[in-house]
Novice: 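Let me begin by handing over the structure; questions about it come next.
Proteins get letters first, then strands, A, B, ... in listed order; numbering begins at 1 in each. Since we're looking at a predicted model, the values are computed, not measured.
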Protein chains: 4
Amino acid sequence: MTADPARRNERSRRAILTAALDLLGETGYADLTIEAIAARAGVGKQTIYRWWRKKGAIILEALVDAMAAAEAVALPDTGDLAADLRTVMRATVAEFADPKLSATTRAITIETLGDESLGVQVRDQLLRPQLDAVKDRLRAGRDAGQVRDGVDLDQAVELLFGPLYHRWLLRTGPLTDDYADGIVELAVAAIRPDRK
Amino acid sequence: MTADPARRNERSRRAILTAALDLLGETGYADLTIEAIAARAGVGKQTIYRWWRKKGAIILEALVDAMAAAEAVALPDTGDLAADLRTVMRATVAEFADPKLSATTRAITIETLGDESLGVQVRDQLLRPQLDAVKDRLRAGRDAGQVRDGVDLDQAVELLFGPLYHRWLLRTGPLTDDYADGIVELAVAAIRPDRK
Amino acid sequence: MTADPARRNERSRRAILTAALDLLGETGYADLTIEAIAARAGVGKQTIYRWWRKKGAIILEALVDAMAAAEAVALPDTGDLAADLRTVMRATVAEFADPKLSATTRAITIETLGDESLGVQVRDQLLRPQLDAVKDRLRAGRDAGQVRDGVDLDQAVELLFGPLYHRWLLRTGPLTDDYADGIVELAVAAIRPDRK
Amino acid sequence: MTADPARRNERSRRAILTAALDLLGETGYADLTIEAIAARAGVGKQTIYRWWRKKGAIILEALVDAMAAAEAVALPDTGDLAADLRTVMRATVAEFADPKLSATTRAITIETLGDESLGVQVRDQLLRPQLDAVKDRLRAGRDAGQVRDGVDLDQAVELLFGPLYHRWLLRTGPLTDDYADGIVELAVAAIRPDRK
DNA sequence: GAATAAACGAGACGGTACGTCGTGTCTTCAT
DNA sequence: ATGAAGACACGACGTACCGTCTCGTTTATTC
């Protein structure tokens with residue numbers, strides 16, 4: 001009844017993921033229809049429906065694949081917490097600035113908003129590794145006495161990325177390195193140990 | 001050629017906005033088709049297309065109307081900055097927790113992501129007043145010596161709301177009053193004057 | 001309640017009839033919408049609906065007007081029945097051959113097919129005078145001993161025009177003067193007195 | 001790009017043709033919309049548009065199908081030319097008198113008037129066989145010395161059917177068996193050999 | 001190495017909604 | 001107070017995709 005993954009055609013799978021990302025970059029989310037993906041990938045529609053239940057699942061898998069191809073996520077630890085956070089925050093700003101990457105993020109966000117279970121997958125497979133990497137760096141900072149003991153590290157992570165997403169999502173202002181630096185400075189001030 | 005606003009039928013306009021919000025609350029964003037809105041409002045489709053170019057524009061106008069009906073946005077100023085911020089942040093959390101209000105926010109966010117110009121309108125007409133109210137309260141706090149002089153107030157505002165949106169959007173954790181309080185505590189720590 | 005013919009604006013009436021015939025000639029029956037006529041005539045749609053119930057009624061009135069403008073219909077009577085019939089039949093062929101006149105006839109025929117009461121009006125106001133003119137000529141021919149006594153003159157008239165309409169309507173062959181002459185010859189043979 | 005006839009669903013095709021004829025008979029040509037046909041046939045609109053470019057083409061195909069189902073068209077040849085012609089002419093009168101058949105003819109005629117190429121198809125696929133059958137009978141009559149040598153048989157055929165169509169189309173008088181007989185008598189008189 | 005069963009490309013299918021057009025009625029505004 | 005201008009509710013248009021469903025045609029085991 002169900003499809004047998006062992007017999008799956010890897011060539012078709014790759015063609016579909018590539019086509020999906022390409023269309024997303026070229027013509028935007030509006031033209032990202034299953035039919036368009038199938039046509040672009042030179043694949044029957046059924047082959048898509050056989051392996052993915054939702055359009056968003058294709059994008060998710062494409063992104064997970066792309067992430068797996070990249071090396072493991074890890075923050076630098078130069079000893080200077082603020083500097084290391086600036087690095088990762090500036091990288092995130094750059095990502096939002098790249099039209100192609102931004103289009104992908106926009107698409108997956110839309111899908112996420114409309115589909116609870118997809119949202120969970122995106123969170124666990126795409127986001128969590130990135131956020132955990134920052135959390136790890138903060139933990140190291142706490143061990144080094146640069147972070148107050150009582151601070152909830154999850155909240156601290158969101159204190160960093162929240163404003164960035166907010167500004168990107170709601171266009172409340174320019175997304176620049178300066179902005180990233182400013183947020184880092186505020187966040188570091190928020191979590192540093194009390195002065196005597 | 002273009003429609004003449006002076007001859008617009010106000011009754012139809014209200015019926016459409018009401019129908020749109022009702023459907024959004026009842027059946028979710030998926031069933032929010034122009035046809036459904038027209039049918040529910042007892043209105044011809046053309047009457048919708050005559051006055052709104054996008055589906056999102058209807059929701060925006062409905063929300064703006066609703067906001068205008070509500071009293072002016074203003075934060076309390078009890079003198080205790082942290083307490084006042086907790087009030088507004090908890091209110092926002094409550095808003096995200098309300099399924100009906102959340103559905104509206106979700107819908108308008110999706111539309112915003114897919115349409116630049118709509119995003120700008122949402123920002124200016126819906127968001128800005130709310131953010132500015134918080135900004136005003138922060139400014140008052142600065143005048144009262146509770147906020148460090150160099151702090152960029154826009155960044156400070158986003159330090160508050162960013163994490164909330166982040167958690168709602170990406171489901172990175174539970175959205176509770178405790179969370180709101182935690183973020184307020186961190187943000188207040190971030191912006192308070194240096195101890196001597 | 002009902003419109004008062006006395007207050008009718010003759011200028012508008014003429015503009016509408018002219019516009020209708022013009023559009024029919026220019027763009028064909030497909031573009032002959034009430035809206036197009038109103039726009040072309042520089043007239044409100046209501047002004048049309050006030051005075052005509054159906055689109056076909058406009059065309060009918062336009063044609064009746066045009067016919068009234070032309071001199072009274074009457075066949076020549078040269079004494080040579082066949083020759084006189086050839087004249088009128090060739091004229092009819094010419095009418096069908098003229099693209100503009102043919103378009104009008106086509107349009108009124110379509111309307112006629114879909115509307116019984118309009119069909120009756122067309123018959124009585126447009127067709128009957130023409131057919132009666134031929135009938136009169138045949139009666140004169142009978143008086144002159146060129147037509148057999150028992151012949152039903154209405155049938156004889158249709159023996160002449162029927163084939164012409166048939167060929168025009170169903171495109172069963174070329175509509176030429178020769179064809180007209182051939183039909184006349186046959187018809188005359190059909191109705192002439194028996195040889196001794 | 002174009003549809004592949006080999007993969008066509010015959011069940012759907014029949015359902016569409018049946019629905020079209022049924023609606024035509026029940027509610028008349030005015031209600032014969034593509035949407036109504038699709039709904040009645042339990043078929044998607046696209047399935048209709050995929051295989052037929054015009055509404056009239058559906059009716060044509062339905063009629064051609066129906067005709068193919070009937071036995072081959074052929075006139076009786078009893079030796080009595082006038083009698084045989086009366087038979088076929090009375091049958092045609094009966095067809096025009098039947099409200100259901102008449103509705104079909106009316107519909108296809110309207111479409112024919114508005115679409116040249118459809119008209120040609122109607123002529124060749126529906127009409128020609130019928131007219132040719134009569135022409136064949138006339139030819140047999142000529143061989144039997146009942147028809148004058150110089151007579152154009154196509155003209156003779158139209159001398160018979162032309163008046164019938166004329167009377168039906170333009171409602172110039174009642175369409176009865178007597179009328180049919182009268183026309184046959186005139187036509188036979190028109191084409192018979194000259195008396196010595 | 002042939003048999004066979006699944007996945008595949010292609011695309012027809014029943015549907016839903018799209019955005020547009022024309023209908024006939026009703027309302028507004030300028031003359 | 002009439003008539004142009006046009007907004008309105010309605011319904012059909014023809015199109016785009018949806019997700020399901022055959023069709024042959026590769027593939028790729030399994031016997």
Novice: Check nucleotides 21-23 of chain F against the protein and report each pair of N or O atoms closer than 3.5 Å, with its distance, or say if there are none.
Specialist:
residue: F/dC21; atom: N4; partner: A/Q46; partner atom: OE1; Å: 2.6
residue: F/dT22; atom: O2; partner: D/R7; partner atom: NH2; Å: 3.3

Novice: May I ask you to verify if any side-chain N or O of A/R50 is less than 4.0 angstrom from the OP1 or OP2 atom of E/dA7?
Specialist: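 No, outside the criterion.
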Novice: Across the strands shown, which category fits D/W51 at heavy-atom distances under 4.0 angstrom: base, sugar-phosphate, nothing?
Specialist: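 Sugar-phosphate, no base atom in range.
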Novice: Where do A/R40 and A/E26 land on the salt bridge (charged side-chain N to carboxylate O under 4.0 Å, His left out) test, with the steps shown first?
Specialist: CA-CA 12 Å; A/R40 170 71 69 101; A/E26 285 169 31; 2.8 Å; yes
Novice: Picking from E/dT20, E/dA7, F/dG3, which would you name as closest to the side chain of A/D4?
Specialist: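 So the side chain of A/D4 is nearest to E/dA7.
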Novice: Using a strict threshold of under 4.0 Å (side-chain N to carboxylate O), is an ion pair present between B/K45 and B/E35?
Specialist: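 Yes, charged N to carboxylate O under 4.0 Å.
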Novice: Using heavy-atom distances to pick each residue's nearest nucleotide on DNA chain E, tell me which of A/R8 and D/R8 is more 5'.
Specialist: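 Taking each residue's closest nucleotide, the earlier one in sequence belongs to A/R8.
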Novice: Nearest whole angstrom, please: distance from the C1' of E/dT23 to the CD of C/E111.
Specialist: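 C/E111 atom CD is separated from E/dT23 atom C1' by 14 Å.
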Novice: For F/dT2, take OP1 and OP2 only and decide whether either is under 4.0 Å from a side-chain N or O of C/S12.
Specialist: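 False: C/S12 side-chain N/O out of range (4.0 Å or more) of F/dT2 OP1/OP2.
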Novice: Go nucleotide by nucleotide along DNA chain F from the 5' end; which of A/I34 and D/E35 gets its closest nucleotide reached first?
Specialist: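 In this pair, the answer is D/E35.
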Novice: Is it true that the side chains of B/D31 and B/T33 contain a donor and an acceptor less than 3.5 Å apart?
Specialist: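 Side chains of B/D31 and B/T33: no pair found under 3.5 Å.
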Novice: How do D/T33 and B/T47 order along DNA chain F: which one's closest nucleotide is nearer the 5' end?
Specialist: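 The 5'-side residue here is B/T47.
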Novice: Nearest whole angstrom, please: distance from the C1' of F/dG6 to the CD1 of C/I48.
Specialist: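 Whole-Å distance recorded here is 14 Å.
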Novice: Provide, to the nearest angstrom, the distance between the CG atom belonging to A/N9 and the C1' atom belonging to F/dT29.
Specialist: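 Those two atoms, CG and C1', are 15 Å apart.
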Novice: Looking at E/dA12, E/dC8, E/dG14, which one has an atom nearest to any side-chain atom of D/A3?
Specialist: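 Of the options given, the side chain of D/A3 lies nearest E/dA12.
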Novice: Can a cation-pi geometry be assigned to A/R8 and A/W51, taking NZ or CZ under 6.0 Å from the six-membered ring centre and within 45° of the ring axis?
Specialist: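 Yes, A/R8 sits over the ring of A/W51.
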Novice: Is there a side-chain contact between B/L170 and A/R123 (heavy atoms, below 4.5 Å)?
Specialist: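 Not touching, per the 4.5 Å side-chain cut-off.
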Novice: Got a second to check how far A/M67's CE is from A/Q125's CD, nearest 0.5 Å?
Specialist: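 One finds 8.5 Å between CE of A/M67 and CD of A/Q125.
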